[in-house]
Number of protein chains: 2
Amino acid sequence: MGRGGREKNGQPGARALDVAAAAGVSTATVSRAFNAPEKVAPEVREKVLKAAAELGWMPHPAGAALASRRTWLAGVLIPTLDNDVFASQVGALQTRLSAEGVTVLIGCSNYDADQAANQVRTMLARGVEALAVVGESHRPGLFETIAARGVPYVVTYSHRPGSSHPSVGFDNAAAFRRIARHLLDLGHRDFGLIHQPSIDNDRVVARIEGLRATLAEEGVALRPQHVREGPASIAFGRKSLRSIMDAPGPRPTAVVCGNDALAIGALLEARAIGIRVPEELSITGFDDVAMAEQTDPPLTTMRVDNAEIGQRAADYLLACLAGRQPSPPPPLESRLILRASTGAARSAA
Amino acid sequence: MGRGGREKNGQPGARALDVAAAAGVSTATVSRAFNAPEKVAPEVREKVLKAAAELGWMPHPAGAALASRRTWLAGVLIPTLDNDVFASQVGALQTRLSAEGVTVLIGCSNYDADQAANQVRTMLARGVEALAVVGESHRPGLFETIAARGVPYVVTYSHRPGSSHPSVGFDNAAAFRRIARHLLDLGHRDFGLIHQPSIDNDRVVARIEGLRATLAEEGVALRPQHVREGPASIAFGRKSLRSIMDAPGPRPTAVVCGNDALAIGALLEARAIGIRVPEELSITGFDDVAMAEQTDPPLTTMRVDNAEIGQRAADYLLACLAGRQPSPPPPLESRLILRASTGAARSAA
DNA sequence: TTGTAGGCGTTATCAG
DNA sequence: CTGATAACGCCTACAA
C-alpha cells in the first residue's frame, strides 16, 4: 500500500503504450528501442528515447520478466556480511554481475544451516537465475533443489578436491597443511590450535584436518588440552591462549589460529603474560587482514584473494547464463605470508 | 538463456493453474491459500499446499508483482560493504525487513556520487518500494527523483539538525564537538587531524566542522600543516602521524582521527618513533572497532550502534509501506569511550 | 468460502 | 524496419 499505480501528476504511471503514443510508434518498437537498439532505425530510436525520458518511463521489470522469462537476478549466499572476507567476495561478484545487467540478491545465513536453506528458498522464489554459495556443507538436498530448478550455481571460498560441485576457491586443507609444514620445519613438535566454530563449516573442518594430517606425518598429535573452539574474536583468542598455556603438562611451542582475529588475540595475550613471540611461542593466523602486518611482532598468516574469488564466481555464472557449459575454474592458491610471529622452536624443552 | 519455461521433467514449469487442477480448486483459491490463508477453509488450504509442494510450485514473483502492484522489494545504498559500520547497518536492516517479507537490494556507491545515482536509478527501475540511503550529500535531484516516484526513503548514519530528509543516525558534528571538548578539557591547545576523503561525504565534513567550531570557541585553530586527508587505512594513519610530527613549528599534543583505522595507525607510528601516548600525545579514533580496546594504550574513541540504525531505518520504512506517516525517529546518541590514549596535555610546551 | 473473468506491462512471433 | 496480437503467471474485484 502507499504507492499505487498511475496516480499523481502522471509521471510514475507511464507505460510502454504511453511512450509509444508520444513517439508515434507501437509498443513493440518501444521495446526494441530499449532491448535491441540495432533493430530500430536510429531516428526512430531517438524519438522513442526522448519520449521515454520526458515521461520518465522505464520498462517495468515485472512485465519484462513475465514476457521474456528472464529476471536478470542472481543470488549469493554468505555466512555473514560482518566479515571482510565475504564482503570482498560479494563486492567483486556484484561489480562484475551488475556490469552485465544482473542484479545480485545477498542472503546471509548467520552460519546457520536452516537459515541458509531458507535464504536459498527465498532467492529461488524471487527468480534468481544463478547462485553463488559459500561452502558446501549445507542441508542435504539444498544443491539438488537448486539444480532441479535448472539454476546454475557455484560453491565459493572452498575448493575441495573431489567435490561434485563446481567451485571457485582454494583448498582449505592444503592451506593448513602448508602452515603445519612451515612450523614443523622450524622444529616445532608441540602444537596448540584455536579455531572458530566448526559446525556446518566445511572450511574450518578442512583446515583442522589438514593440520592434523600433516602433523601426524611426523608422528605429532594435537593434545586435547591445547585445542580451543569458539567465536572468531580477539577476545576469544586471548582467553584461549591463556588457558592453553595454563594447561597441565608441556606447553606448546606453536599455536595455530583459525583466523587473524584469534591470532591477534593470542599475540596480545602472550605479550600480556610475558611469553615472548616468536622466541618462546610461534603464532599463525589466517586471512592476512590489514592489522596482521602491524602487530608486534607482525603476524605470519595465509593470504587469499577474495575479490578474485568473487570475480571468478561471477564469470563462471555469467558463462552458464550465456548458455555455455564452462569448465569449473581451477582452485586459487592461498599464500603463506611469512612474518615475525613464527620462528624456530626452542631447542629441547 | 539456459533456463526456459516448463521443460524438463515438469517440475519448474508448474503454474498456479496446474496446482489448482491438482488440488481440485480454482486458481483464485490457490492464490488465497498462499496470500490470505485465513480466507480459505483449512482443509482446502491443506490440499492446495500439498499439491503445490508436490509440483514444486511457488508463486512467480513477476506475475504476482504485475497483478498486485507490489514488489516487496526495498533498496539500501551504502558507500561500501568493506566496512563493518555499513555491513552492520545493512545486516540489521535486512534482518528486520525480510522478517516482513521484504527483500533488500544492496547498492554500493564506492564513495562515488555518480555511481550512487546510478545505483538508485537501477533500484528504482527494479521496482523497490522503499529506500535507505547513507548520507545526504548526493547528486542534486536524487531525493527528488525518489520522492517523485512516491517511494519513501530515509537517510541513514548521519542526522543533521535542520535537514529536510527523514533520517536515522547521529549528529556527526556533535560527535566531534564532544571529542574536541574532551581534549580541550584535558588542557590541549595544539591539535592535529587525520581524516578520510571528504568529497561527497557529508559525515566527514560535519565531523571536521564540529571539531573546528568547538576549538574555535576556545580560540584554537587547526594548523594546515597538522591536517592530513587520505584513505581510511592504518597505513595512511601511520604516514600522516609521522609527517605531522615532522612538520615545522610546535607539535600538536593531540591528534584527532576520522576513524579507528587511522587512529590505530597513528598509535603504532607514535610508538615506533618514540612518542609516548598519552603522556606526550593524545590520540582519538571513531567507531570503536574490536581492535580499539586492544591497542596499547587502548584507544579513546566514539561508539555508534550501527545495528540500531539499520533496525530503526527498517522500522521507519516498514511503517511508510504500511501507509502510516511515521514521524522520523529522533537521532541516536554516539558515546565517547574513554580509554588510555588520551590524557592531560603536557603543561607548557 | 469459492469460482469467474479481466487485467497488470512487457516481449515475442509473425506478418507486412 | 515496423505493427498487431497473443502470451507470460498471477491477483482481485465481483458474483455466486
Side-chain angles (χ1 to χ4, degrees), chain A residues 1 3-7 12-48 51-52 55-72 101 124-127 129 149, chain B residues 1 3-7 11-48 51-52 55-72 101 125-127 129 149:
Chain A
M1 338 175 169
R3 291 228 302 137
R6 91 203 59 186
E7 76 228 84
R15 293 157 316 183
L17 193 61
D18 303 319
V19 176
V25 299
S26 70
T27 59
T29 298
V30 172
S31 177
R32 288 190 204 104
F34 274 76
N35 304 316
E38 75 283 0
K39 296 188 153 188
V40 167
E43 50 190 34
V44 175
R45 191 191 327 151
E46 274 319 307
K47 268 196 313 193
V48 173
L55 293 173
W57 179 84
M58 318 174 94
H60 186 123
L66 209 48
S68 70
R69 294 148 158 278
R70 291 283 268 128
T71 61
W72 297 95
L124 252 17
R126 276 275 173 196
E129 301 176 316
R149 291 223 160 205
Chain B
M1 335 172 168
R3 290 230 299 139
R6 90 202 59 186
E7 77 230 84
Q11 240 44 337
R15 294 157 314 182
L17 193 61
D18 303 319
V19 177
V25 299
S26 71
T27 60
T29 299
V30 172
S31 176
R32 289 190 202 103
F34 275 75
N35 305 313
E38 75 282 2
K39 296 187 153 188
V40 166
E43 50 190 31
V44 176
R45 190 191 328 152
E46 272 321 305
K47 269 196 312 192
V48 173
L55 293 173
W57 179 84
M58 316 173 97
H60 185 124
L66 212 46
S68 69
R69 293 144 160 278
R70 293 281 270 130
T71 61
W72 297 95
R126 276 274 172 196
E129 301 176 316
R149 291 222 161 206

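Residue numbers begin at 1 in each chain, while the letters A, B, ... track the order of the sequences.
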TODO: Could you tell me which residues satisfy side-chain contact (heavy atoms from CB on, under 4.5 Å) with B:Ala62, sequence neighbours excluded, listed by chain and number?
DONE: A:Ala65, A:Leu66, B:His60
TODO: Might you point out which heavy atoms bring B:Val25 and B:Val48 nearest each other, and give the distance in Å?
DONE: CG2-CG2, 4.0 Å
Open item on the list: From CG of B:Leu55 over to P of D:dC10, roughly how many Å is that when rounded to an integer?
Closed with: 12 Å
Open item on the list: Counting only side-chain heavy atoms from C-beta out, which of C:dC8, D:dC11, C:dT10 sits nearest to B:Leu66?
Closed with: C:dC8
Open item on the list: I'd like to check the side-chain contact (heavy atoms from CB on, under 4.5 Å) partners of A:Ala67; sequence neighbours left out, ordered by chain and number.
Closed with: none
- [ ] Could you tell me the separation between the NE2 atom of B:His60 and the P atom of D:dA7, rounded to a whole number of Å?
- [x] 18 Å
- [ ] Check the distance between C:dT4's C1' and B:Leu17's CG and give it to me in whole angstrom.
- [x] 13 Å
Open item on the list: Can you tell me which residue among A:Arg149, A:Arg70, A:Arg69 is in a side chain to side chain donor-acceptor pair (under 3.5 Å) with A:Glu129?
Closed with: A:Arg70
Could you tabulate the donor-acceptor pairs under 3.5 Å formed by side-chain atoms of residues 32-43 of chain A, not counting sequence neighbours?
from	atom 1	to	atom 2	distance (Å)
A:Asn35	ND2	A:Ser31	O	3.2
A:Asn35	ND2	A:Ser31	OG	3.3

Open item on the list: Once you apply a heavy-atom cut-off of 4.0 Å, does B:Val30 come out as touching a base, just sugar-phosphate, or nothing?
Closed with: nothing
Open item on the list: Please confirm whether the shortest side-chain N or O distance from A:Arg69 to OP1 or OP2 of D:dG9 is below 4.0 Å.
Closed with: yes
- [ ] Measure the distance from CG on A:Asp18 to P on C:dG9 and round it to the nearest whole Å.
- [x] 9 Å
Task: Contacts of type side chain to side chain donor-acceptor pair (under 3.5 Å), residue B:Arg126, not counting sequence neighbours - done: A:Thr103
Open item on the list: Please pick, from C:dT11, D:dC10, C:dG9, the nucleotide with the shortest atom-to-atom distance to any side-chain atom of A:Pro59.
Closed with: C:dT11
Task: Per A:Ala28 side chain, nearest of listed nucleotides C:dG9, C:dG3, D:dA4 - done: D:dA4
Task: Contact nearer the 5' end of DNA chain D, comparing A:Ser68 with B:Thr29 - done: A:Ser68
Open item on the list: Please report the distance, rounded to the nearest Å, between NZ in B:Lys47 and P in C:dT1.
Closed with: 15 Å
Task: For A:Ala20 against A:Thr27, the heavy-atom pair lying closest together - done: CB-N, 3.7 Å
Task: Axis bend over the full length of the helix from C:dT1-D:dA16 to C:dG16-D:dC1, computed from five pairs that close each end, to 10 degrees - done: 20°
- [ ] Please tell me which of the listed nucleotides, C:dC8, D:dC11, C:dT2, lies nearest to the side chain of B:Val44?
- [x] C:dT2
Open item on the list: Output the rounded distance in Å from CE (A:Met58) to P (C:dT11).
Closed with: 13 Å
Task: B:Ser26 side chain, from C-beta outward: closest of C:dT10, C:dT4, D:dG9 - done: C:dT4
Task: Heavy-atom closest pair, residues A:Pro61 and B:Gly127 - done: CG-N, 4.3 Å
Task: Sub-4.0 Å heavy-atom contacts from residues 32-39 of chain A onto DNA chain C, ordered by number - done: A:Arg32, A:Asn35
